[in-house]
**Q** 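Can you read through this structure? Questions will come right after.
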Amino acid sequence: LRTALSNKLYFATALRMPILVSPNTFMSEITTKYGFGYNFNSNDERFGDRLFEWYVEFINDETQNHINEFWEKADAEDLMFENRVDEFLLL
């Protein structure tokens, strides 16, 4: 699946927490776009330092606004899906 998003993404946004993701994935693309995912590179010897530096930047109002934006979009898409299922079942 190219465009699947895991439950941990939605849990992270619901809890307003950052998330570690694999590079070159759809999860990476989405979390980078909204600013709440960190691409985990297991070969990076300075991973801990880089993660800490990223996390310091993560804790700001702009990132939290991006998380809210993602959450609202996901919530609207979920509601649209529920409505379409209801319409289908009631036909």
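All values derive from a computational prediction rather than experimental measurement.
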**Q** Short question: side chain of D75, backbone of W71 - any donor-acceptor pair under 3.5 Å?
**A**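 The answer is no, because no donor-acceptor pair under 3.5 Å joins these two groups.
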**Q** State the CG-CG distance between N83 and D78, to the nearest 0.5 angstrom.
**A** 9.5 Å
**Q** Give a yes or no on whether the backbone of L9 and the side-chain of T13 come within a donor-acceptor separation of less than 3.5 Å.
**A**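 Yes: the side chain of T13 pairs with the backbone of L9.
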**Q** In Å, rounded to the nearest 0.5 Å, how long is the span from OG1 of T31 to OH of Y38?
**A** 12.0 Å
**Q** Taking the side chain as every heavy atom from C-beta outward, state whether E69 and Y34 have any atom pair closer than 4.5 Å.
**A** yes
**Q** Looking at every non-hydrogen atom in both residues, tell me the closest pair between S22 and N39 and how far apart they are.
**A** O-OD1, 3.9 Å
**Q** Do M17 and V21 share a hydrophobic cluster (ILVMFWY, side-chain heavy atoms under 4.5 Å, transitive)?
**A**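 No, M17 does not connect to V21 through the hydrophobic network.
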**Q** Above 12 or not: heavy atoms from other molecules or residues under 6.0 Å from CD of E62?
**A**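 Not more than 12 within 6.0 Å, no.
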**Q** Quick check on F11: does its CZ atom have over 12 non-hydrogen neighbours (other residues, nucleotides or ligands) under 6.0 Å away?
**A** no
**Q** Is F26 close to L5 at the side-chain level, that is, under 4.5 Å between some pair of heavy atoms?
**A**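 Heavy-atom side-chain distance check passes, below 4.5 Å.
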**Q** Which residues pass the salt bridge (Lys or Arg N to Asp or Glu O under 4.0 Å) test with R46, not counting sequence neighbours?
**A**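 Per chain and number, R46 pairs via salt bridge (Lys or Arg N to Asp or Glu O under 4.0 Å) with D49, E53.
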**Q** Going from NZ on K73 to CG on N68, what distance comes out if it is rounded to the nearest 0.5 angstrom?
**A** 15.0 Å
**Q** Between atom CD1 of I19 and atom CE of M27, what is the distance when rounded to the nearest 0.5 Å?
**A** 4.0 Å
**Q** As an exercise, state the distance from CG of D44 to CG of L51, rounded to the nearest 0.5 Å.
**A**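 Result: 10.0 Å between the selected atoms.
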**Q** How close do P18 and A12 get, heavy atom to heavy atom, and via which atoms?
**A** O-CB, 4.3 Å
**Q** Any idea how Y55 and F58 line up, ring-wise: parallel (<30°), tilted (30 to 60°), or perpendicular (>60°)?
**A**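 Aromatic pair Y55/F58 classed parallel.
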**Q** Rounded to the nearest 0.5 Å, what separation is found between the NZ atom of K33 and the CZ atom of F70?
**A** 9.5 Å
**Q** To check you understand the geometry: which heavy-atom pair defines the closest contact between Y10 and S6, and what is its length?
**A** CD1-O, 3.4 Å
